Amino acid sequence: MLYGSILERREDYAMLKAIGASDRYLAGLVMRQALIASTLGFVWGALLAGISNPLLKRFVPQLSLRYTWQAALAVLVGTVVVGTLASVIPLRVLRRVYPAEVFRA
Amino acid sequence: MTVLAGESLTRTFGDVRAVDGVSVGVASGEAVLILGPNGSGKTTLLSMLGGLLQPTSDRVLIAGTDVTAMSEQARCGFRLRTIGFIFQSFHLLNALTARENVQLVLDLAHDSDPDRAETLLDELGVRQRADFLPHAMSGGEKQRVAIARSLANDPGILLADEPTGSLDSQAGEATIRLLCDAARRHGKAVIIVSHDTRIVPRVDRVLSMADGRWQETR
Ligand SMILES: Nc1ncnc2c1ncn2[C@@H]1O[C@H](COP(=O)(O)OP(=O)(O)O)[C@@H](O)[C@H]1O
Ligand SMILES: [Mg+2]
């Protein structure tokens, strides 16, 4: 998803490089995006679990789960770590965006 | 005084000599038009002059500094403070308001003057659009915001590639007037690249380009 979003915005990144945004600044932008996206993903997942588990308990109790805060924390940390690691791919794309592309779009 | 100088610039792409031994100097306070048909090498020349593209040979001097000899990282910081860019398709960030688009460039340069973005938008006649997103603005307004952004860090040089190319003739004329004002009133060195001959009477000097070189008939 992030990979897709950076390619979609390739010309934005080219423009930012052209007007003088450093690679460090842009990398920070990508990492922040990754962090926000994966945290949102976790929140969304937790919400779904919160809604679906009471229903499961009621109708298919064999499938219902017991959630502990330790498990939730582990999933949160896992999601954020994986999500942030995944931003390595767009970071590599970013490095190959050339500022001169800005005049080609 | 010449603030921007290209010295026998050449750029090839494979077999194509996009720019072929072109020299040019532009002084502070001067608005120059580079005129030429599509494919004549204007954009390639402008990219080299703006430190966006390395020439195959020779060099670009900005205020006496050889930008072609810098690292890409150093050149990037140099562009931020020295050059304002204006594009045919505006290149505003669609998720940001007009004010935020200008503020972004101030942030990049760690300029913390809270009124600067608003002042610039006001000077360019789009203060009432400060909190609008680009999609809610006309092309002419977007280009004014883009010019405000290009002026944010008070660069000595403005480079515009086909700035009127996406505009109707009225908005196009206003854009050229604003760019020329930047030269006359604020002492910027301005280069406008275009194939639009209507700009000719508005600028101080016209250079014609064909097949990667200056055309003799000026
Ligand atoms: N990145 C590139 N790769 C290959 N050829 C290019 C590239 N950029 C420009 N050219 C070629 O260089 C020539 C000049 O292009 P350009 O500078 O865009 O001209 P203009 O802006 O006057 O239309 C054209 O033949 C174009 O195809
Ligand atoms: Mg061009």
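The model shown is predicted, which means the values in this text are computed figures rather than measured ones. Below, chains carry the letters A, B, ... as their sequence lines are ordered, and counting in each starts from 1.
The most heavy-atom pairs under 4.5 Å with chain A, out of B:T43, B:L46, B:L53, come from B:T43.
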| Can B:D113 and B:R116 be said to form a salt bridge (charged side-chain N to carboxylate O under 4.0 Å, His left out), step by step? | CA-CA 6 Å; B:D113 178 349; B:R116 174 90 178 137; 5.9 Å; no
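Using a 4.5 Å cut-off between heavy atoms, B:E72 touches chain A through its side chain atoms alone. Of the two parts of B:L108, only the side chain, counted from C-beta on, holds a non-hydrogen atom closer than 4.5 Å to a non-hydrogen atom of chain A. Contact of B:R149 with chain A is made through the side chain alone, with heavy-atom distances under 4.5 Å.
In this pair, B:H91 and B:F87 present their aromatic rings perpendicular. The plane angle is above 60°, beyond the 30 to 60° band.
For A:D23 and A:R95, the salt-bridge test fails: no basic side-chain N is under 4.0 Å from an acidic carboxylate O. Checked for salt-bridge contact, B:K188 and B:D154 meet the test: a charged N lies under 4.0 Å from a carboxylate O.
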